[in-house]
Each structure stands twice: as C-alpha cells, then as structure tokens.
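What follows is one structure encoded as structure tokens, with my remarks underneath.
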Amino acid sequence: MIGRGGSSLKNKNVLPVLGVPLLLWGCSAARRSRYINHYYISSDDSGILATAALAGFQPIQRPDHLATDTARSTDAVRHALDLIETEAGAMDIVVVMHANVGTVTDEFIDHCIERLLENPGASSVIPSHENAEYHPMRAKQVQEDGSLLSFFDGPISPNRQELPTAVFFDHSFWVLRGRSAIFDSEGQEPWPCMGRRILPFMTQGCLDVHTLEDLDRTAAWIMNNKVALPDFDRPK
C-alpha cells in the first residue's frame with residue numbers, strides 16, 4: 001500500500017469510515033485475498049505507517065525526495081520493491097493499493113490477479129472505467145492568450161457513440177507483474193511501472209477520497225456492497 005501525508009483534506013487516509021480508518025478498508029481487502037502473502041506500507045507519514053501496522057503491514061519509510069508534491073508514484077513503487085525483495089525475495093506479482101480508497105474488495109483484487117496470471121503477455125491489470133462525457137478527444141488545451149485549442153488535428157465527431165472507446169484508471173489498486181513491469185524502461189507514461197501491455201478491469205469508477213463528502217460516499221458504497229468489517233485476527 002502507498003499513502004502520502006500531504007493532502008488538501010488533512011489526515012484523510014486515516015479518517016474514520018464507519019468507525020474504521022479509511023486505509024484499513026483497503027488493507028482488509030488485501031488481507032482477505034487468496035493470493036497475497038506479504039504486506040507492506042510505503043509512506044512519509046508516521047500516522048499512516050502506524051495505522052497500517054494494525055493490519056500487519058510492515059513499514060517502509062519513504063525518503064524525502066519521494067514525498068514531495070512532484071514525486072512520481074512509479075519511483076515510490078520502485079523504491080518499495082527494492083526493499084521488499086531484499087527482505088522477502090523476488091515478487092512475481094505486486095498489488096499496489098492506494099490508501100485513500102476504501103471501495104475495494106478481495107474479489108476485485110483476486111479477479112485482477114487471476115487475469116494477469118491467465119495472460120502471460122500482459123504487464124499489469126488496472127481497474128478502469130469509461131466516462132464518455134470527458135472523452136480525451138473532446139478536451140481542449142489553454143493557449144497563452146487564454147483561448148482554447150483542440151489537442152487533436154482533423155475532424156472529431158460530436159457524437160460520443162462514434163468516438164473510440166476511452167477508459168480512465170480508477171487508481172484504487174494496481175496489479176503489476178513484478179520487476180519486469182515495474183522497472184520496464186519503456187513502460188507506458190505517466191505510470192511506467194504498469195509496463196507496456198496493460199489490461200483493464202472494467203468498473204463503475206472508484207471513490208477516491210479528497211473531501212469529507214467522499215468519506216460519506218465511501219461509507220454508503222461499503223454498506224450497499226455489504227463489505228465485511230476489517231478483521232485482522234482471522235487465520236490467513
């Protein structure tokens with residue numbers, strides 16, 4: 001799991017959702033997975049590290065240069081993997097959880113792991129969703145004079161049904177094919193740790209938390225989907 005201390009909503013990763021710190025919902029999903037055997041938390045924030053420790057996640061103290069506003073998540077993942085493999089040996093698959101997302105289940109994680117195992121040519125499986133109203137071919141870039149210009153040359157259909165399918169990553173969790181994907185020098189930007197051949201796991205979009213209202217939406221999703229309360233004492 002990865003989590004940053006800096007945020008527009010202070011301490012969001014450990015704020016309570018149904019009485020449980022937000023990040024522990026993701027930790028619980030990982031702990032319930034049939035496939036995950038090692039658990040680590042990478043952060044620059046002592047509160048995040050201590051909270052994840054309640055779920056048995058071992059701390060990785062993120063260095064200062066990986067804790068800035070401009071630090072790349074790929075670099076944080078690579079830093080963590082180097083330390084993990086030094087301690088626990090080579091990792092075939094790495095599941096990267098995001099600490100500000102509580103709308104994850106073990107079924108989601110296991111489905112993505114199984115899809116990666118079934119597709120040896122794939123480098124990763126990433127939860128993704130469509131949002132046709134914000135199709136990238138409809139986007140505009142702001143010019144120096146304040147006017148707008150299309151990112152694309154040529155005609156673009158105003159009918160979304162005629163546009164090629166576009167998906168956006170949830171960033172709830174990533175399932176990565178170990179070192180071969182994470183350290184791929186030709187991995188797709190802007191998250192090259194996903195490697196070159198990314199498969200989607202289609203969802204309705206996750207509820208990543210940035211506001212207090214997002215905490216309420218997360219709680220409603222958890223209740224509607226009957227997600228079990230975290231239980232970290234159960235046998236693994």
What's the verdict on side-chain contact (heavy atoms from CB on, under 4.5 Å) for I126 and M194, showing C-alpha distance, side-chain angles and the deciding distance?
CA-CA 8 Å; I126 310 296; M194 295 179 183; 3.8 Å; yes
So which atom in [X] and which in [Y] form the shortest heavy-atom distance, rounded to 0.1 Å?
{"X": "A76", "Y": "L66", "value": "CA-CD1, 4.1 Å"}
{"X": "S128", "Y": "F169", "value": "OG-CD2, 3.5 Å"}
{"X": "S157", "Y": "E162", "value": "OG-OE1, 2.6 Å"}
{"X": "Q141", "Y": "S150", "value": "NE2-O, 3.4 Å"}
{"X": "D110", "Y": "S33", "value": "OD1-OG, 2.5 Å"}

Any chance you could measure [X], atom [atom1], to [Y], atom [atom2], to the nearest 0.5 Å?
{"X": "T105", "Y": "W221", "atom1": "OG1", "atom2": "CH2", "answer": "5.5 Å"}
{"X": "L163", "Y": "H135", "atom1": "CG", "atom2": "NE2", "answer": "4.5 Å"}
{"X": "L18", "Y": "L229", "atom1": "CG", "atom2": "CG", "answer": "7.5 Å"}
{"X": "L15", "Y": "T218", "atom1": "CG", "atom2": "OG1", "answer": "11.0 Å"}
{"X": "D214", "Y": "L22", "atom1": "CG", "atom2": "CG", "answer": "10.0 Å"}
{"X": "L9", "Y": "L215", "atom1": "CG", "atom2": "CG", "answer": "6.0 Å"}

Passes side-chain contact (heavy atoms from CB on, under 4.5 Å), Y39 versus Q58? Steps please.
CA-CA 6 Å; Y39 310 90; Q58 300 182 56; over 6 Å; no
Within 6.0 angstrom of N159 CG, more than 12 heavy atoms from elsewhere
yes
D153, CG atom: more than 12 neighbouring heavy atoms under 6.0 Å
no
Would you say the side-chain atoms of [X] pair up with the backbone N or O of [Y], donor to acceptor, closer than 3.5 Å?
{"X": "R62", "Y": "S42", "result": "yes"}
{"X": "S28", "Y": "L24", "result": "no"}
{"X": "K12", "Y": "V209", "result": "yes"}
{"X": "D170", "Y": "S172", "result": "no"}

Less than 4.5 Å apart, side chain to side chain, heavy atoms only: is that true for [X] and [Y]?
{"X": "F57", "Y": "C27", "value": "yes"}
{"X": "M202", "Y": "V167", "value": "yes"}
{"X": "I60", "Y": "I41", "value": "no"}
{"X": "F151", "Y": "P136", "value": "no"}
{"X": "N131", "Y": "E133", "value": "yes"}
{"X": "W25", "Y": "P230", "value": "yes"}
{"X": "L199", "Y": "L116", "value": "no"}
{"X": "W174", "Y": "C193", "value": "yes"}

How would you list, by chain and number, every residue that makes a side-chain contact (heavy atoms from CB on, under 4.5 Å) with S180, sequence neighbours excluded?
R177
Sequence neighbours left out, what passes salt bridge (Lys or Arg N to Asp or Glu O under 4.0 Å) with R196? Give chain and number order.
D184, E186
Would you please name every residue forming a salt bridge (Lys or Arg N to Asp or Glu O under 4.0 Å) with R72, sequence neighbours left out?
E189
How would you list all residue pairs meeting side-chain hydrogen bond (donor to acceptor under 3.5 Å, both in side chains) that involve residues 114-125, not counting sequence neighbours?
R34-E114, Y35-E114
In terms of side-chain heavy atoms, does [X] have a donor or acceptor partner in [Y] at a distance below 3.5 Å?
{"X": "T74", "Y": "R78", "result": "no"}
{"X": "D45", "Y": "S43", "result": "no"}
{"X": "H210", "Y": "D208", "result": "yes"}

So if you build clusters from Ile, Leu, Val, Met, Phe, Trp, Tyr with side-chain heavy-atom gaps below 4.5 Å, do M223 and V227 land together?
yes
Co-membership, hydrophobic cluster, residues V142 and Y134, 4.5 Å side-chain
no
Give the other cluster members for F168, using side-chain heavy-atom distances under 4.5 Å between Ile, Leu, Val, Met, Phe, Trp and Tyr residues; answer none if it is isolated.
none
Could you tabulate the donor-acceptor pairs under 3.5 Å formed by side-chain atoms of residues 80-96, not counting sequence neighbours?
{"unit_1": "D82", "atom_1": "OD1", "unit_2": "R179", "atom_2": "NH2", "d": "2.8"}
{"unit_1": "E85", "atom_1": "OE1", "unit_2": "R179", "atom_2": "NE", "d": "2.9"}
{"unit_1": "E85", "atom_1": "OE1", "unit_2": "R179", "atom_2": "NH2", "d": "2.9"}
{"unit_1": "E85", "atom_1": "OE2", "unit_2": "M91", "atom_2": "N", "d": "2.9"}
{"unit_1": "T86", "atom_1": "OG1", "unit_2": "D82", "atom_2": "O", "d": "2.8"}
{"unit_1": "E87", "atom_1": "OE2", "unit_2": "Y40", "atom_2": "OH", "d": "2.8"}

For H98 and F173, I'd like to know if the aromatic rings sit close, meaning centre-to-centre distance below 6.0 Å.
no
Does the salt bridge (charged side-chain N to carboxylate O under 4.0 Å, His left out) test come out yes or no for E107 and R32, once each step is laid out?
CA-CA 9 Å; E107 289 89 355; R32 293 175 186 276; over 6 Å; no
